[in-house]
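First comes the structure, then the notes that go with it.
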Amino acid sequence: MASAPTPSPTPEEGPLDITDTNSGDSNIVFYPPLYRQRYHAVLDVVKEYQPKRVVDFGCAECKLIYLLKHTQSLEKLVGIDLDRDLLKRNAYITQPLLGECIHRRTKPFTISLYCGSVGEADDRLVGFDMVTCVELIEHLEDDMLEKLHVNIFGHIHPRVVAVTTPNAEFNVLFTNFTGRRNPDHKFEWTRKEFEEWCSNVAELYGYTVVFSGIGDPPEGKRRLGHCSQMAVFTLNDENTDNSIEPADTTDTPPPPTTKPAETEEENVQNGRFVYELIAESHFPFKQTTQADDILNEALYYIPLQASAILNRLCNDYYSAESPVDGDQEVTDSGYEWEGPESVEVPLDDLIDCQGMKKLKISKQKLREVLQTCGDITLNTDDTAVIYTCPRADSDSWYDSDSSLNNIEDGEKTPQATTTSPADQPSVTTTDCVSGVQVNIDSSECWD
């Protein structure tokens, strides 16, 4: 078993967790605050390995949970802490914001908070991709530290583990300070002691460990190392592309068995589920196919691209020294251009739009999807969409004050259709650039 190294002798414990307060009692000030640097260091690891399921032990006020909840690769995010009241006070962090209900995720996503100990094994966490322990291990007695690595590395057995802890060598830089950084710290390790413990654990369970630092030291003091130290463990059979596949998937059917599946109550009674669920939120997500997403983006960008083409044609017409060939109408102010009946929007231009780029599709895939839509017509060689430009009822098809002209790439408006269901309320408006009158279903959700 991996044993903890003997901690360096330390004076009597002091009252301050000095690194996170940036208090006037210290001459060391971190910007951003050190706790934020720790969380962002963990976030960088999450971005690198793209896990789907992450558990944070010692989540406390759920600050790391809040930071990680915006990671689109995640499908499950779990926070665990011993302080039940603290979890209840911060349970609101698990809930989706209004913007997360409007701009929904593309996959299911759940955040759960449990009250429990890192030394206890709960089968609900088996197979999670990544485990984080941010400034946790220094709060544990030796026996609990032993149970921690048995539970995390032996029972959960994730692909990646990120652990941070204070660097005791850095403490001499704090003025008017004795003892440990927090009265609850049971130890604070030097870099050598931390590396010894991590290396023993890695060898015991078949991991590779890499060390780094968080919180830069002042100039001339780099020999003391960083304020916090971090170890990232990766399972030795990790994929070379740094992507993580979960140990089991929801698409894989369970093996046939004659024994009925145990209920949650039975799992609790049998000791397989030991953590108490405090809060859980299921985020809304889009239940669409890739073809639906491609078509929605195309229906949004085709009118915008057509309007840009019409704008160029209009500018070319009015900037010419003499009227050009085409539809013209003699008015008191001269020749007024009425524009063509249709324009061709190249697929090359569509595939280059921001929303299309996010879908990461080929031009051939875009062409195949558009060919299945009866409301979209391609030209003879299937290289462009033919966009019909109906005349507006107003005196001019171009409105320089229109909101559509000011729309930024990637900011969508409610989907406009030429008809709306009879049983749905709708309003009639005019496409501000092309002058097309359309009905907008007022019940549509803005995705």
Side-chain angles (χ1 to χ4, degrees), residues 102-104 106 286 288 290-319 326 337-379 381-394 396-420 426-442 444-447:
I102 296 175
H103 303 286
R104 291 168 289 174
T106 58
K286 298 178 182 178
T288 58
Q290 185 189 41
D292 294 331
D293 294 335
I294 295 172
L295 189 57
N296 287 336
E297 293 294 338
L299 291 174
Y300 169 68
Y301 282 110
I302 289 173
L304 291 183
Q305 292 292 319
S307 297
I309 294 173
L310 289 172
N311 282 336
R312 289 196 296 268
L313 294 175
C314 180
N315 291 335
D316 291 344
Y317 174 81
Y318 283 111
S319 63
W337 182 67
E338 295 184 359
E341 293 185 357
S342 64
V343 294
E344 292 190 359
V345 179
L347 298 189
D348 287 332
D349 292 347
L350 279 180
I351 202 73
D352 201 40
C353 293
Q354 180 180 353
M356 288 294 186
K357 287 181 178 179
K358 292 180 179 179
L359 298 178
K360 298 179 181 180
I361 60 170
S362 65
K363 186 169 66 174
Q364 177 60 30
K365 180 65 176 179
L366 174 61
R367 181 183 294 111
E368 292 173 358
V369 172
L370 296 181
Q371 287 172 337
T372 64
C373 180
D375 296 331
I376 294 178
T377 303
L378 300 180
N379 60 3
D381 56 358
D382 293 339
T383 60
V385 175
I386 299 176
Y387 180 79
T388 304
C389 309
R391 297 294 185 262
D393 293 338
S394 58
S396 173
W397 63 269
Y398 180 83
D399 181 0
S400 60
D401 294 330
S402 69
S403 60
L404 188 56
N405 288 323
N406 298 324
I407 230 168
E408 294 184 1
D409 191 18
E411 183 179 344
K412 293 182 174 57
T413 57
Q415 182 178 348
T417 57
T418 55
T419 60
S420 61
S426 63
V427 294
T428 301
T429 186
T430 300
D431 185 316
C432 303
V433 173
S434 63
V436 181
Q437 285 195 341
V438 295
N439 291 326
I440 299 178
D441 184 354
S442 60
E444 287 286 341
C445 175
W446 289 25
D447 286 335

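Quantities reported herein were computed from a predicted structural model and do not represent experimental measurements.
- Residues Pro303 and Ala298 come closest through the heavy atom pair CD-O, 4.4 Å.
- The CG atom of Asp316 sits 10.5 Å away from atom CG of Asn311, with the distance rounded to the nearest 0.5 Å.
- Annotation: the span from Glu344 atom CD to Leu378 atom CG amounts to 10.0 Å, rounded to 0.5 Å.
- Between Leu359 atom CG and Glu297 atom CD the span is 5.5 Å, to the nearest 0.5 Å.
- Rounded to the nearest 0.5 Å, atoms CD1 (Ile302) and OG (Ser307) are 11.5 Å apart.
- For the atom pair CG of Leu366 and CG of Leu295, the computed distance is 9.5 Å after rounding to the nearest 0.5 Å.
- Checking side-chain atoms of Tyr387 against main-chain N and O of Val345 turns up no donor-acceptor pair under 3.5 Å.
- Atom CG of Asn315 has more than 12 neighbouring heavy atoms from other residues, nucleotides or ligands inside a 6.0 Å radius.
- Taking each heavy atom of Met356 and Ile351 in turn, the nearest pair found is CB-O, 3.8 Å.
- A pairwise comparison of heavy atoms in Ala384 and Pro346 identifies CB-CA, 3.7 Å as the closest pair.
- Proximity of a side-chain donor or acceptor of Asn296 to a complementary backbone N or O of Asp292 within less than 3.5 Å is detected.
- In terms of heavy atoms, Cys389 sits closest to Pro340 at CB-O, 3.8 Å.
- In this structure, Gln364 CD and Asp382 CG are separated by 9.0 Å, a value rounded to the nearest 0.5 Å.
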What verdict does the side chain to side chain contact (heavy atoms under 4.5 Å, CB included) test give for Thr383 and Leu347, after you've listed the backbone C-alpha separation in whole Å, the side-chain angles of each residue and the deciding distance to 0.1 Å? CA-CA 6 Å; Thr383 60; Leu347 298 189; 5.5 Å; no
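- The closest side-chain heavy-atom distance from Val385 to Gln305 is not below 4.5 Å.
- Residue Val369 is tested with Ile376, Asp293, Ile294 for a side-chain contact (heavy atoms from CB on, under 4.5 Å); the sole match is Ile294.
- Shown here are the salt bridge (charged side-chain N to carboxylate O under 4.0 Å, His left out) partners of Lys358, two or more places apart in sequence or in another chain: there are none.
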